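All chains are named by letter (A, B, ...) in the order of the sequence lines, taking the proteins before the strands, and each is independently numbered beginning at 1. Worth knowing before you read on, the calculation uses all heavy atoms, side chains too, and leaves out hydrogens, waters and symmetry mates. None of these values were measured; they are calculated from a predicted model.
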Amino acid sequence: MKRNLTVTGMAAVVLSLAAPLAMGEVSVEEYRAMLADKDANPGFLVIDQGEVLFKTKRGPKNATLEKCDFGLGAGKLKGAYAQMPRYFKDTKRVQDLESRLLTCMTTLQGFDASEIKKKTFADQRYNETNTDIEMLAAYVAYQSNGMKINPPLKHPAEKEALKVGEAYFWNRQGPMDFSCATCHAEDGKRVRLQSLVNVYNKNDVQATMTTWPTYRVSHGVARNMQHRMWDCHWQMRTPDIEFGSPATTALISFLTHQAKGGTYDLPGMKR
Amino acid sequence: MKNRTLILSALLAGAFATAHAGEDLSGKVSKLVADSFKPGEGQDMSRLAQDDTQKTCSKTRNNPSAKEADAINARERGNIKYPDGNHLMGDWKNGEKLVKGGFGMRIGSIEPDPAAKQKGGNGGNCYACHALDPKEVAAGNIGPSLTGYGTLRGASDDIVKYTYEKLYNAQATVACSSMPRMGHNGILTPAQVADITAYLVSPESPLNKK
């Protein structure tokens, strides 16, 4: 027993000596392993906050969101996110989770969509807590945890969103001449040390899409795909792309279809 | 007969491939953009207007035909401007600052850069995509490593001119290159491009030291 301890102790010494010599990739791997620790994911707190908010009577109509239809019927949350984006008859357009939440907050609760759109993201520079829609998205998405990504592709509008979303993915614009494809169409690419997803690599894109919404450690809040789309455009130096816009929804349709068959592992936790 | 069938199926395959890959969605994409960005405080809608080069590269997904590529090269070559006095070798020490710097030019109402930083001239943000100084490990790899650039190529007038032009407008030589047209798009001034040219080429530059 004592011998075992000594061996373990020696191994620990060897490891601790080795650690400072290990270059970039090893420490990045360790960091990622820590991020994958579900028990340490603050995203669960956001999900709980989202649940309370979802079931609270709010807005001019003093209603909850419990009758919101995410595509499987009013109030049916289980598995709904796994089958989005999809075409909705009432709005006559393809919607992702966040744009659908906007619809329900407007129609059921009577909120003004343009007012909500003025503040969709918590500002990490001022340590703000999550906005309502960020909490709600985290909660509704979590009801599809463990399920496979399987968005419908029957309605012509769904096929159109996928096709035009992919074309927009290659659209070069702005002072940097960038498109999404500049960074996200090849394996093994990095900006500085940040690895970039190749959306044409099935494993890569599934690993990404199954872990959104995600808790972003550097922001201290849970983020959703609409934020990710805005963030990339902001980095590309374009004007702000609108929350729930046709372009973000079409892009998310394309990305979600690329990741079809992946299993949701929520909430995610990322840098 | 067999030959004829082969030719016919080859023709059909070619026609089908063209019809599929060539479906022009640029009109639909333009509408998508028009419907998804709103003018307002802090926005600069002119940044969404594509020039002919961006249009060709978008439509062909960075795979232009030889004719399209020639047209881009010719147009972008004509766009290159040179610094006063045509001194293409600037100050490598200032070039070193410029390759490290580069934050800025982000706009909008959500998280805009400070007004003074919204214009270009802040730097090239080169490490995002390229390895340069061998001592800097946090280098991206979207573009090739430029470590030892001058050691490998020397510092002849031809190399200096080639380097300046590549930095100023990468598409003058490679149509639909991933690299931003740093000078043409106003990210760097001609004098700054000359400083970075010196940083890449000069034997004194840390990038060329072992």
Side-chain angles (χ1 to χ4, degrees), chain A residues 23-25 93 114 117-121 123-125 160-161 163-179 181-186 188-196 227 229-231 233-251, chain B residues 23-26 28-33 35-40 42-51 53-62 104-112 118 120 125 127-129 137-142 170-171 176-182 184-187:
Chain A
M23 290 301 283
E25 279 305 307
R93 60 191 170 102
S114 60
K117 279 187 190 177
K118 281 181 187 164
K119 181 69 183 175
T120 47
F121 309 133
D123 193 330
Q124 75 283 354
R125 293 171 299 174
E160 185 76 0
K163 191 171 71 175
V164 181
E166 182 173 16
Y168 181 64
F169 182 85
W170 290 87
N171 190 59
R172 296 184 69 165
Q173 59 189 359
M176 297 291 169
D177 289 325
F178 287 158
S179 68
T182 306
C183 290
H184 298 291
E186 278 184 74
K189 291 297 178 186
R190 297 188 322 264
V191 163
R192 290 265 180 169
L193 293 182
Q194 176 63 51
S195 301
L196 301 163
H227 181 271
M229 298 298 107
W230 168 80
D231 196 337
H233 281 83
W234 173 74
Q235 292 283 23
M236 295 197 290
R237 274 72 174 174
T238 71
D240 293 322
I241 194 163
E242 204 191 346
F243 189 92
S245 65
T248 51
T249 308
L251 267 180
Chain B
E23 186 183 359
D24 187 0
L25 295 168
S26 46
K28 287 178 176 175
V29 170
S30 298
K31 184 171 187 315
L32 203 63
V33 172
D35 290 344
S36 302
F37 294 86
K38 297 271 162 69
Q43 316 295 341
D44 175 3
M45 304 304 278
S46 73
R47 291 192 179 187
L48 299 171
Q50 290 177 304
D51 66 12
T53 295
Q54 288 178 329
K55 280 180 190 167
T56 302
C57 298
S58 300
K59 196 172 84 174
T60 63
R61 301 189 180 180
N62 301 324
M105 296 183 78
R106 286 171 298 208
I107 55 169
S109 66
I110 296 175
E111 204 176 326
Q118 286 193 20
N125 205 9
Y127 282 107
C129 298
V137 293
N141 66 356
I142 292 174
Q171 298 206 44
C176 301
S177 164
S178 292
M179 181 161 157
R181 292 168 287 174
M182 308 299 288
H184 177 59
N185 291 355
I187 302 162

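Under the 4.5 Å side-chain criterion, counting only non-hydrogen atoms from C-beta, A:Tyr168 is not in contact with B:Leu25. In this structure, the side chains of A:Asp240 and B:Gln43 come closer than 4.5 Å at one or more pairs of heavy atoms.
Under the rule for a side chain to side chain donor-acceptor pair (under 3.5 Å), the partners of A:Thr248 that lie at least two apart in sequence or sit in another chain are A:Gln226, A:Ser245. B:Lys31 is linked by a salt bridge (charged side-chain N to carboxylate O under 4.0 Å, His left out) to B:Asp35, counting only residues two or more places apart in sequence or in another chain.
Here the closest non-hydrogen pair linking B:Ile187 and A:Pro175 is CD1-O, 3.3 Å. Nearest heavy atoms, A:Ala250 versus B:Leu32: CB-CD2, 4.2 Å.
Rounding to the nearest 0.5 Å places CD of A:Glu186 at 7.0 Å from OG of B:Ser178. For the atom pair CD1 (B:Ile142) and NE2 (A:His184), the distance works out to 8.0 Å, reported to the nearest 0.5 Å.
For the pair A:Asn171 (side chain) and B:Ser58 (backbone), a donor-acceptor distance under 3.5 Å is absent. Using a distance-only test at 3.5 Å, with no hydrogens or angles considered, no donor-acceptor pair links the side chain of B:Arg47 to the main chain of A:Gln173. Looking only at distances, a side-chain donor or acceptor of A:Arg192 sits under 3.5 Å from a matching main-chain atom of B:Ala138. Although no hydrogens or angles enter the test, the distance criterion places no donor-acceptor pair under 3.5 Å between the side chain of B:Arg181 and the main chain of A:Asp177. Side chain of A:Arg172 to main chain of B:Cys176: a donor-acceptor pair is present (N/O by atom type, distance under 3.5 Å, no hydrogens or angles). Proximity of a side-chain donor or acceptor of A:Arg237 to a complementary backbone N or O of B:Gln118 within less than 3.5 Å is not detected. In terms of modelled atom types and a separation under 3.5 Å, the side chain of B:Gln54 and the main chain of A:Gly174 share a donor-acceptor contact.
Both the backbone and the side chain of A:Ala247 come within contact range of chain B, each with at least one heavy atom under 4.5 Å from a heavy atom of that chain. Interface residue A:Glu166: backbone and side-chain heavy atoms are both found under 4.5 Å from chain B. Looking at A:Phe169, neither its backbone nor its side chain comes within 4.5 Å of chain B, counting heavy atoms on both sides. Residue A:Phe243 does not touch chain B at all, counting heavy-atom pairs closer than 4.5 Å. Neither the backbone nor the side chain of A:Lys119 has a heavy atom closer than 4.5 Å to any heavy atom of chain B.
Chain A forms more heavy-atom pairs under 4.5 Å with one residue of B:Met182, B:Glu111, B:His184 than with any other, namely B:Glu111. Among the candidates B:Ser177, B:Ala128, B:Gly108, the residue making the largest number of heavy-atom pairs closer than 4.5 Å to chain A is B:Ala128. Ranked by non-hydrogen atom pairs under 4.5 Å with chain A, the options B:Met105, B:Met179, B:Lys55 are led by B:Met105. By number of non-hydrogen pairs under 4.5 angstrom with chain B, the leading residue of A:Met236, A:Arg125, A:Gln194, A:Lys118 is A:Arg125.
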Worked verdict on A:Phe121 versus B:Ile110 for side-chain contact (heavy atoms from CB on, under 4.5 Å)
CA-CA 9 Å; A:Phe121 309 133; B:Ile110 296 175; 4.1 Å; yes
Before you tell me yes or no, could you show the steps for B:Asn141 and A:Lys189 under side-chain contact (heavy atoms from CB on, under 4.5 Å), namely the whole-Å CA-CA distance, both residues' side-chain angles and the distance that decides it to 0.1 Å?
CA-CA 6 Å; B:Asn141 66 356; A:Lys189 291 297 178 186; 3.7 Å; yes
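Judged purely by distance below 3.5 Å, without hydrogens or angles, the side chains of B:Arg106 and A:Gln235 pair a donor atom with an acceptor atom.
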